[in-house]
Amino acid sequence: EDIYNKSSLLSEMNPVYGKVPVWNDDFAPPLLPRDPYQRAQTRFWAKFADQKVLESAWMVLCLEGEKQERAVKEAIEALEKLEEKLKSGNSVFFGGDTIGYLDLMIGFVSYLYPVWEEVASVKILDALKFPALVAWQSNFLNHELIVGEYLPPRAEAVAYFRWRRSELIPVYNRMY
């Protein structure tokens with residue numbers, strides 16, 4: 001069989017190029033909600049996660065002393081908003097009962113936050129303060145789409161970020 005012959009189904013699904021990859025929401029849960037308002041909300045929260053949740057945690061990793069304490073406070077405040085968002089949805093994932101776009105965009109919290117907390121000797125994602133996020137973290141990391149060979153071994157991640165922290169602390173403490 002000629003692998004370059006395109007099936008009629010593939011041509012229908014991607015009429016411009018007739019090539020893979022093709023995402024068809026009829027065969028898989030959509031990453032973004034279909035409703036335009038909900039889709040905009042999802043994008044808003046993804047941007048919030050990038051600009052507030054990730055950035056504040058990165059600053060925790062790269063700063064020391066009072067500057068680091070301020071960054072910890074900012075990271076906790078950002079997580080409080082995510083906790084509220086997750087609780088308001090009353091579901092396992094930010095995307096509902098299945099992993100969606102927002103879960104993937106916030107996925108770094110599940111893996112990197114504990115690594116960065118260890119490296120920076122701080123606690124941000126506390127199970128008592130953030131029960132919904134901690135449950136989400138477990139569900140996300142143990143989901144069949146995430147578990148496996150996709151994440152580096154924790155020991156390697158800790159070693160890498162210890163090295164990065166030692167390199168960045170002098171730079172960030174001068175800048176901020």
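Any value given below was found using the heavy atoms of this structure, including those in side chains, with hydrogens, waters and symmetry copies removed.
- For Tyr111 against Ala157, the heavy-atom pair with the smallest separation is OH-CB, 3.6 Å.
- A 4.5 Å side-chain heavy-atom check between Glu55 and Asp50 finds every atom pair outside the cut-off.
- The CG atom of Leu61 lies 11.0 Å from the CD atom of Glu117; values are rounded to the nearest 0.5 Å.
- You'll find the side chain of Arg154 reaches within 4.5 Å of the side chain of Val158, heavy atoms only.
- Between Lys52 and Glu74, no side-chain nitrogen of the basic residue sits less than 4.0 Å from a carboxylate oxygen of the acidic one, so the salt-bridge criterion is not met.
- With rounding to the nearest 0.5 Å, the separation of CZ in Phe93 from CH2 in Trp136 is 9.0 Å.
- For the side chain to side chain contact (heavy atoms under 4.5 Å, CB included) with Leu63, the qualifying choice from Met175, Gln68, Arg70, Glu69 is Gln68, the only one to do so.
- For the atom pair Gln38 CD and Leu102 CG, the distance stands at 12.5 Å (nearest 0.5 Å).
- Looking at every heavy atom in both residues, Gly107 comes nearest to Ser110 through O-OG, 2.5 Å.
- Of all the heavy atoms in Asp103 and Phe140, the pair that sits closest is O-CE1, 3.5 Å.
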(Q) Let's go through Lys129 and Glu83 carefully: what are the C-alpha distance in whole Å and the side-chain angles of both, what is the deciding distance for salt bridge (charged side-chain N to carboxylate O under 4.0 Å, His left out) to 0.1 Å, and is it a yes or a no? (A) CA-CA 9 Å; Lys129 186 163 181 66; Glu83 177 80 3; over 6 Å; no
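- If you run side chain to side chain contact (heavy atoms under 4.5 Å, CB included) between Arg43 and each of Gln41, Arg39, Lys47, only Arg39 comes through.
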Q: Take Phe108 and Val53 through the side chain to side chain contact (heavy atoms under 4.5 Å, CB included) test and state the conclusion after the steps.
A: CA-CA 10 Å; Phe108 68 86; Val53 180; 4.0 Å; yes
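- When all heavy atoms of Ala57 and Ala75 are compared, the pair lying nearest together is N-CB, 4.3 Å.
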(Q) Please determine whether side chain to side chain contact (heavy atoms under 4.5 Å, CB included) holds for the pair Glu80 and Ile76, giving the CA-CA distance in whole Å, both sets of side-chain angles, and the decisive distance to 0.1 Å. (A) CA-CA 6 Å; Glu80 286 171 346; Ile76 289 171; 3.9 Å; yes
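- If you take CD1 on Ile99 and CD on Glu144, they are separated by 8.5 Å, rounding to the nearest 0.5 Å.
- More than 12 heavy atoms of other residues, nucleotides or ligands sit less than 6.0 Å from atom CG of Asp35.
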Q: Using the side chain to side chain contact (heavy atoms under 4.5 Å, CB included) rule, take Leu133 and Leu82 through it: C-alpha gap first, then chi angles, then the decisive distance, then the call.
A: CA-CA 8 Å; Leu133 278 173; Leu82 279 184; 4.1 Å; yes
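- Residues Leu31 and Tyr37 are members of separate hydrophobic clusters, defined by side-chain heavy-atom contacts under 4.5 angstrom among Ile, Leu, Val, Met, Phe, Trp and Tyr.
- Linking ILVMFWY side-chain heavy atoms closer than 4.5 Å, directly or via other members, places Val147 and Leu145 in two distinct hydrophobic clusters.
- A distance of 12.0 Å separates CD1 in Ile124 from CD in Glu77, rounded to the nearest 0.5 Å.
- Between Tyr101 and Pro30 the shortest side-chain heavy-atom distance does not fall below 4.5 Å.
- Within 6.0 Å of atom NZ in Lys81, 12 or fewer heavy atoms from other residues, nucleotides or ligands are found, so the atom counts as exposed in its surroundings.
- Note on Val115: it does not cluster hydrophobically with Ile169, by side-chain heavy-atom contacts below 4.5 Å among ILVMFWY residues.
- For Gln51, there are no side-chain hydrogen bond (donor to acceptor under 3.5 Å, both in side chains) partners, not counting sequence neighbours.
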Q: Carefully, step by step, assess Asn173 and Lys67 under the rule side chain to side chain contact (heavy atoms under 4.5 Å, CB included).
A: CA-CA 8 Å; Asn173 278 295; Lys67 294 175 182 179; 3.7 Å; yes
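- The aromatic rings of Phe48 and Trp45 sit perpendicular, their planes meeting at an angle over 60°, well past the 30° parallel limit.
- A donor-acceptor contact under 3.5 angstrom links the side chains of Trp58 and Tyr172, judged on distance only.
- Across every non-hydrogen atom of Arg165 and Cys62, the tightest pair is NH1-N, 4.2 Å.
- Atom CG in Leu86 sits 4.5 Å away from atom CZ in Phe94 (nearest 0.5 Å).
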